[in-house]
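Notes follow once the structure below has been shown.
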Amino acid sequence: MTTPSTKEQRTFAKRIKEARVGDAGAQYDVALMYANGLGVEKSVEQALIWTESAAKKGHSAAQYLLGTAYQGGLGARKDSVQALTWLLRATESGSDKAPLKLAKLFAADAPALGSDFMLAAAQRGVAEAQLAVADGVAHTAGATDGDSLNWTRMAAEQGLAAAQFALGQLLENAPESIRDRVAADHWYREAAAQGHPGAQLALVRLDDNGQGHLHSNNSGGRKTTTRERRGLGDQWDLYCARGTAQDQYHLGLMYQGGYGVEKSVKQARTWLQKAADAGHPDAQLALGNLLVTNAPAEALPWFQKAADQGLVRAQIRIAESYQAGQGQVQSPSNALLYYARAALEGDVAGLQGLAALMKASAGTLLWDFSLAAAQAGSATAQYAIGEYYATGQGGVEQDWRKAVEWYRRAAVQGHGGALCALGGCYAEGLGVKRDIVRAVGHWEEAALEDQPRALWNLGEILAQGLPGLQPDARRATLLCKRAAQAGFAPAQATLAALFAKAKKYDKAVHWWTLAADQSDPEALFNLAHAYRTGWAQPVDEHQVFDLLLRAANTGLAAAQARLGLAYATGEAAALDPIEAAKWFLLGAQGGDAAAKANCQRAQQTLSPAQWREAQRRAAVWVPA
């Protein structure tokens, strides 16, 4: 009996004779024999020579082979021009594979041309091209469901598993007029028989819904046994080894759930990892979910990658992880970012998560974003951080040293508010050694930025004078007027006092009224005095009482003492010695001398029960 090697040698000897006399088919066969070492010693160089010879004689398969050789540098140098030339000639000669190759080459840089070649390959019966055309048609405006269905069916009938799966999906989810779930089940089975994992999962889903059965090579519609699932594992693995990331993702789900294969967390992780490494967002999320219980730190990067690709479910997952501090430092600000991205897509979980996070962590979020902006160099944010430390708000303890540090950073950049606040720290000795000269220097800089508080502070200093600094009423008035015209209530009150001192009562009343409208305590008290003395017309005792009450409710001790006197004497108010004693007590606590004296008199006048009631009222009083 002749051995195979001898048969191959005889075949080669015969075909090379025919090739040498110019037979293109023989030349192509000889090229393949040299390429594969069949009946002759393997030689890539000889394979290329005979391929080129056959190609020049118009042999379409040789032209296609030569084009792919130049494209990939297989036995020849890479040459895109030669590759394109021979692939085009192969297409003209009737090759069915060449148009598909050209379509892939042009897909990125010339998509319209790539689509033309893909259609040509599909029309020549290439199943892969037919499926690609079907997908393109599905996303083309004006195309019908039937157009996509027809192309997908052509590819499916040629045995392409991916097309069979796609056809099953189309038939299962199509409009009522063309929906056919029995046929969908059939095509899912055909694809699953070739090891397509997505088709297997579809059959699992249909079976759970009572509409189908799990795939088994030997079942007539029954579910697979454990032994059968073990035997089928190799089939799925083989298919997915050369399949897409989507296939690998589906196989990972199969192993994770034990659908058609023996359940295996290890195998699930292997295939999900392959798909995740290829950038498949659903696989990245699934891998994260698989890891999160035992290895949360390993899970988070996969949630992050899927979320950054726009997968809403992953955005919710990573947001929840950041919010809970799962496997990392808790970060409400990062949680906010991912909830917001999901919410912008209209996702209900994203909207709910965003609302709950804002309610629970509004202060923390404001601090986090402000600090990040401050550290990045924003003067506005640096000033805001200084304010947090100065007031002890935003979840931080009051710390004047840190407040001064952040005020300084913003002040260096010319931030008016920070310059003004820094001046205040030096004036009061808060976080720094008291230095009125430096305070005035900072206020002068802030005044150049038209900062109302700085203008007012300078005006106050010039109005009162300091050791070594004579009062300057004229300049003080000008500075306070600039701040007052900007709507700054304390400056309006000071300006009014300066006008009153100059006996310009009409102007004083005007500015006190504006400041009182903003509930400035001094303005309310002084305006009440203006009405009592007749500086403001007409004289109205009830107006006086209302202004005193508003001023007293801000906590101004002088107003509380005067309001107590109104209740004690019945001036524009009903006589009420207990209420009078309450306000005397409050004024005395604020340091008002008259209130202290009147408080002693009230205690001597009232009964013990009345005095206890006055004390109770004072204790529960809260400033407005």
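- By the 6.0 Å and 45° rule, Arg453 does not stack over the aromatic ring of Trp456.
- A donor-acceptor pair is defined here as one N or O able to donate and one able to accept, closer than 3.5 Å; no such pair exists between the side chain of Glu172 and the backbone of Ala183.
- Between the Asp247 side chain and the Thr244 main chain, a donor and an acceptor come within less than 3.5 Å of each other.
- In this structure Arg153 satisfies the salt bridge (charged side-chain N to carboxylate O under 4.0 Å, His left out) test with no other residue, sequence neighbours excluded.
- Other residues, nucleotides and ligands contribute at most 12 non-hydrogen atoms within 6.0 Å of the CZ atom of Arg401.
- For Arg409 (side chain) and Gly386 (main-chain N/O), no donor-acceptor pair under 3.5 Å exists by modelled atom type.
- Judged by distance alone, the side chain of Ser370 and the main-chain N or O of Ala381 form no donor-acceptor pair under 3.5 Å.
- A 6.0 Å sphere centred on CD of Glu128 holds no more than 12 heavy atoms belonging to other residues, nucleotides or ligands.
- Under 4.0 Å is where a charged nitrogen must lie from a carboxylate oxygen, and between Arg313 and Asp347 no such pair does.
- When atom types are taken as modelled, the side chain of Gln560 and the backbone of Ala552 share a donor-acceptor pair closer than 3.5 angstrom.
- Side-chain contact check for Gln398 and Gln393: no donor-acceptor pair (N or O, by modelled atom type) lies under 3.5 Å.
- Residues Gln304 and Gln284 have side chains that never bring a donor and an acceptor to within less than 3.5 angstrom of each other.
- The aromatic rings of His196 and His250 lie tilted to each other, with the angle between the two planes from 30° to 60°.
- Contact of the Asp517 side chain with the Thr513 side chain is registered, since non-hydrogen atoms from C-beta on lie closer than 4.5 Å.
- Nearest heavy-atom pair, Gly346 versus Leu351, reported as atom, atom and distance to 0.1 Å: O-CD1, 4.3 Å.
- Ring geometry for Trp367 versus Tyr389: interplanar angle over 60°, hence perpendicular rather than tilted (30 to 60°).
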